[in-house]
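Just so it is clear: chains get the letters A, B, ... in the order the sequence lines come, proteins before strands, and each one is counted from 1.
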There are 2 protein chains.
Amino acid sequence: MLRYNKILGFQKSSSRRPTLHGLLKLSQCGYSKLNSDDVTHFKSILSKPEISVVEDQDDIASYNSDWWNLMRGKSQMVLRPSSTEEVSQVLKYCNSRHLPVVPQGGNTGLVGGSVPLNDEIIISLNRMNQIIGFDSSFSIVKTQAGVVLQRLIDYLQPFGYMPPVDLGARGSCQIGGNLATNAGGIKLLKYNSLHANTIGLKVVLPDGTILDDMRALRKDNTGYHLKHLFIGSEGTLGIITETAILCPKISAASNVALFALNSFDHVQEVLTASKEFLSENLTAIEYFDKECNLIMKDNTKIFNPLGYAHNYYLLIEISNFDDTSDVETNTKAIEQKFFKFFEQVSDYVQDGVIAQDKFQFNSIWELRERIVEGFVSQGLAFTYDFSLPIDKFPAFVERMSDRLGNHARTGGYGHIGDGNIHVQASIKGHDDLELYQKLETKLEPWVFDLVEEFEGSISAEHGIGSFKSPELHRNKSDEMIKTMGQMKQIFDPNRILNPNKLFQ
Amino acid sequence: MLRYNKILGFQKSSSRRPTLHGLLKLSQCGYSKLNSDDVTHFKSILSKPEISVVEDQDDIASYNSDWWNLMRGKSQMVLRPSSTEEVSQVLKYCNSRHLPVVPQGGNTGLVGGSVPLNDEIIISLNRMNQIIGFDSSFSIVKTQAGVVLQRLIDYLQPFGYMPPVDLGARGSCQIGGNLATNAGGIKLLKYNSLHANTIGLKVVLPDGTILDDMRALRKDNTGYHLKHLFIGSEGTLGIITETAILCPKISAASNVALFALNSFDHVQEVLTASKEFLSENLTAIEYFDKECNLIMKDNTKIFNPLGYAHNYYLLIEISNFDDTSDVETNTKAIEQKFFKFFEQVSDYVQDGVIAQDKFQFNSIWELRERIVEGFVSQGLAFTYDFSLPIDKFPAFVERMSDRLGNHARTGGYGHIGDGNIHVQASIKGHDDLELYQKLETKLEPWVFDLVEEFEGSISAEHGIGSFKSPELHRNKSDEMIKTMGQMKQIFDPNRILNPNKLFQ
């Protein structure tokens with residue numbers, strides 16, 4: 001959710017069960033304050049200190065703010081190491097001095113995980129932007145963690161491959177940050193998660209230890225598979241500095257269709273049919289409801305070719321991988337497949353379009369990918385990322401809409417193929433903080449109660465960060481959280497890494 | 001490797017660096033001896049004690065022996081709990097009494113991981129054989145850990161789905177054991193690993209704590225992804241009692257071809273071309289060399305339709321997933337695809353066949369899957385499972401063959417698409433223990449040195465177990481092994497779980 005209260009210095013209201021589960025409170029950690037000796041030391045261990053040790057407050061400002069531009073950390077220093085060895089030296093020193101740090105990739109996280117809550121030192125990975133190489137025999141790319149996702153996409157393209165993960169923030173987010181947050185995105189349905197596709201990892205622990213698991217063999221069953229502990233740990237256990245990732249082939253041809261439907265039962269029928277009949281060709285199924293469509297109409301210039309009369313919309317992308325045929329044959333095969341599929345689901349679908357060129361392809365995708373902006377450009381917005389049983393999607397949005405009344409507009413959209421819904425609501429305008437806070441009090445923790453009631457997850461793909469840390473217990477038992485606390489204790493006994501993120 | 005020395009009571013020769021990395025020696029653990037009070041207690045906490053508490057030595061014998069029938073444990077008791085709750089009570093008690101245990105699934109492991117080294121209590125999962133259900137909306141099956149893989153295959157078949165893992169031992173191995181060893185098998189190339197496909201897990205820790213991570217949502221980014229710690233931990237951290245697994249669709253049609261080639265460069269060309277041109281349709285690429293083929297000729301009744309004159313053989317399986325067409329159309333499409341592919345690689349391939357019916361399909365697969373038996377039926381055998389850079393496959397086998405001289409026949413085969421080779425050697429006959437031991441002394445640790453030289457992995461898919469525990473350092477740095485030791489210390493401080501497996 002977008003927590004406007006952060007800029008007001010308003011503290012998170014108490015949660016139902018703010019358990020610490022073995023973790024110390026921030027105030028009990030005995031953190032030190034950054035001093036001039038520290039600065040001198042950092043300048044002595046980092047190459048090019050003129051660009052790797054950032055003290056200018058103007059330069060630091062963007063590192064202190066999150067994507068929503070609403071969280072404001074008070075960090076006085078950004079360190080920009082250029083190698084694993086430098087990260088190791090920085091962490092070792094910070095650990096010995098009890099200086100808390102926040103690891104930061106592209107800073108595109110949506111749950112307040114990548115910015116300081118206080119004056120933590122920011123360790124930015126943005127100078128660690130070397131792509132090490134691509135091994136075509138196993139389709140594994142090795143790269144430093146600070147490489148921006150779009151650069152990795154561009155690098156792999158001439159090889160005929162692509163990263164297994166893709167998301168709207170591709171122009172800014174870094175692959176290391178994607179790993180640290182276990183980013184989901186639009187390709188998960190087809191290519192599975194980063195747990196599935198991460199073959200190797202290099203991680204620096206708070207005490208400076210380098211865990212090198214980068215041999216990057218396709219199969220290696222020797223001991224505990226530690227790398228998975230760091231994938232999705234949101235920078236609280238170690239800093240990922242290098243990775244080896246399995247990459248899928250770029251398809252020979254692909255296309256996208258948009259369907260309009262009036263009943264959610266029919267949405268589910270089409271969903272089942274698409275998995276059944278398009279199966280291996282299916283690369284994405286995305287969903288949005290009527291209110292999202294209207295929000296786009298009212299607040300953006302993105303036009304829906306199917307109009308605004310229908311209740312539900314499904315975007316379906318399919319791809320063809322037949323490299324024994326030419327592009328034209330593949331493109332035709334894709335279209336034929338869509339036509340056959342239309343016949344299969346004609347009882348359920350009110351209307352549909354297939355893109356005829358790259359422009360239309362992108363336009364249909366924009367209808368879905370830019371909904372978040374539609375809500376945000378209308379006014380102050382709440383944004384949630386949940387997993388829910390698919391049949392609960394409309395009921396959830398309706399309950400939230402009822403709760404907010406006519407004070408806000410509420411819609412649901414997301415990666416329906418994975419059961420991942422984004423629920424967004426925004427009030428009219430950007431100034432009515434009083435209304436926004438009043439509504440927030442109505443929404444939380446009520447909305448998390450509702451997720452629990454529907455047996456969903458309070459975070460499908462965005463993570464926990466600082467926004468949802470009081471709510472972790474909704475999805476994880478005391479035993480699970482206790483075990484997570486033990487992991488934290490092993491790797492980061494001084495709690496210098498990303499304090500008060502993930503755990504409260 | 002097949003360690004014949006086990007039956008002679010011969011102890012593993014000292015390894016180069018038998019580090020303990022924070023773990024205690026067996027003798028230092030202060031284990032208790034099973035007594036009659038313990039037996040009484042187990043009978044009181046397990047349902048149906050007449051079948052769940054096994055004390056008869058004849059009944060225990062098979063639990064004490066491994067698949068090779070060469071390891072002989074001295075366990076005096078097998079416990080067969082029927083629920084997670086019962087496993088919890090058993091472990092809690094054993095932990096409090098310092099009674100060591102060995103968790104056992106189908107007991108098909110090949111590295112001595114599932115049988116006792118001494119008189120550990122065996123906890124068999126074979127009564128925990130309930131399949132909980134299949135959720136078709138996300139294609140996730142929930143099951144108890146003791147379900148035999150073939151039963152899961154049969155259960156899923158009417159839904160049109162299958163488990164993501166398959167291996168020769170499917171008739172005996174259990175899904176929980178597959179997870180505990182991170183089994184690879186013949187489908188990994190297409191469907192990825194068990195890390196990729198395990199959505200939920202229930203695990204019992206040594207102190208009886210139940211970690212329940214079975215909500216089984218397709219996406220759930222809430223906290224550390226602990227389940228991966230247990231996948232591939234070989235029963236040393238906890239006992240997996242339930243799981244939720246993502247299942248792929250059964251293909252609409254599939255077929256298999258066998259190719260004969262004379263140069264390994266050509267094998268690599270065909271491999272690259274198969275990934276390039278068959279891509280999404282490719283479900284398996286398997287490999288064997290001339291000596292494996294001759295071993296099959298001399299020791300089994302399985303006939304190679306391409307004869308015995310060629311140096312290398314590739315088995316390629318492709319599948320079609322077009323459910324908008326009928327089986328006949330799909331079958332024809334598959335055949336057409338193979339013919340097109342033959343044209344693409346005709347410069348490299350000496351000869352090839354495509355199966356014309358189910359019988360031929362199975363026969364071609366038998367040529368590859370039963371090589372292990374070919375070697376074993378010839379005589380005392382060494383069997384290794386490695387990952388290697390693909391171009392090193394023939395050189396590795398040649399070096400090993402040179403090392404053994406004309407005392408043994410040596411061949412290489414395996415999942416070449418994943419870089420996973422099985423190297424096997426057997427002497428003539430089953431009685432010459434002296435020669436076998438002499439050769440073993442020549443082979444080890446030399447063979448592990450060679451894997452290191454070639455930058456491979458000492459275990460691609462079989463795990464470490466007890467056979468390879470002294471060699472873990474070949475693939476994992478001191479820092480990695482130390483961290484693994486810390487995990488062991490957190491979960492199993494009394495070292496009751498599968499002692500001296502994975503770690504020495």
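Rounded to the nearest 0.5 angstrom, F491(A) CZ and T483(B) OG1 are separated by 5.5 Å. Rounding to the nearest 0.5 Å gives a distance of 13.5 Å between CE of M214(B) and OG of S477(A). Here NZ of K219(B) is found 7.0 Å from OG of S387(A). Values are rounded to the nearest 0.5 Å. Here the OG atom belonging to S279(B) is positioned 12.0 Å from the CD1 atom belonging to I250(A), to the nearest 0.5 angstrom. In this structure, NZ on K476(A) lies 11.0 Å from CG on L211(B), to the nearest 0.5 angstrom. To the nearest 0.5 Å, atom CG of residue D212(B) and atom CD of residue E479(A) are 9.0 Å apart.
In this structure, L217(A) and N420(B) have side chains that are not in contact, with every pair of non-hydrogen atoms separated by 4.5 Å or more. Counting heavy atoms from C-beta outward, K275(A) and K249(B) have side chains that stay 4.5 Å or more apart. Counting heavy atoms from C-beta outward, H225(A) and N182(B) have side chains that approach closer than 4.5 Å. Residues H195(B) and H195(A) are not in side-chain contact: their nearest non-hydrogen atoms beyond the backbone lie 4.5 Å or more apart. Taking the side chain as every heavy atom from C-beta outward, L229(A) and L226(B) approach each other to under 4.5 Å.
Proximity to chain A is absent for every atom of F230(B), based on heavy atoms less than 4.5 angstrom apart. The parts of I464(B) that come within reach of chain A are both its backbone and its side chain, each placing non-hydrogen atoms under 4.5 angstrom from that chain. Looking at I210(B), the atoms closer than 4.5 Å to chain A (heavy atoms on both sides) all sit in the backbone: N, CA, C or O. With a threshold of 4.5 angstrom between heavy atoms, L194(B) does not approach chain A through any atom at all. Heavy atoms of K190(B) lying under 4.5 Å from chain A belong exclusively to its side chain. With a 4.5 angstrom heavy-atom cutoff, T272(B) does not touch chain A via any of its atoms. Only the side chain of L246(A) comes within less than 4.5 Å of a heavy atom in chain B; its backbone stays farther off.
Y224(B) and T236(A) share a side-chain donor-acceptor pair at under 3.5 Å. The closest side-chain donor-acceptor pair between T222(A) and N475(B), if any, does not fall under 3.5 angstrom.
Heavy-atom pairs under 4.5 Å with chain B were tallied for S233(A), S193(A), G184(A), S469(A); the largest tally goes to S233(A). Per-residue heavy-atom pair counts under 4.5 Å with chain B were compared for L237(A), L388(A), L502(A), N320(A), and the maximum is reached by L237(A). Per-residue heavy-atom pair counts under 4.5 Å with chain A were compared for L188(B), T209(B), I458(B), L205(B), and the maximum is reached by L188(B).
With hydrogens and angles ignored, the 3.5 Å screen pairs no side-chain donor or acceptor of N221(B) with any backbone N or O of A183(A). At distances below 3.5 Å, not a single donor-acceptor pair connects side-chain atoms of D418(A) with backbone N or O atoms of R218(B).
Contact between D220(A) and S457(B) at its shortest, heavy atoms only, is OD1-OG, 2.6 Å. The two atoms that bring M487(B) and I490(A) nearest to each other are CE-CG2, 4.1 Å, heavy atoms only.
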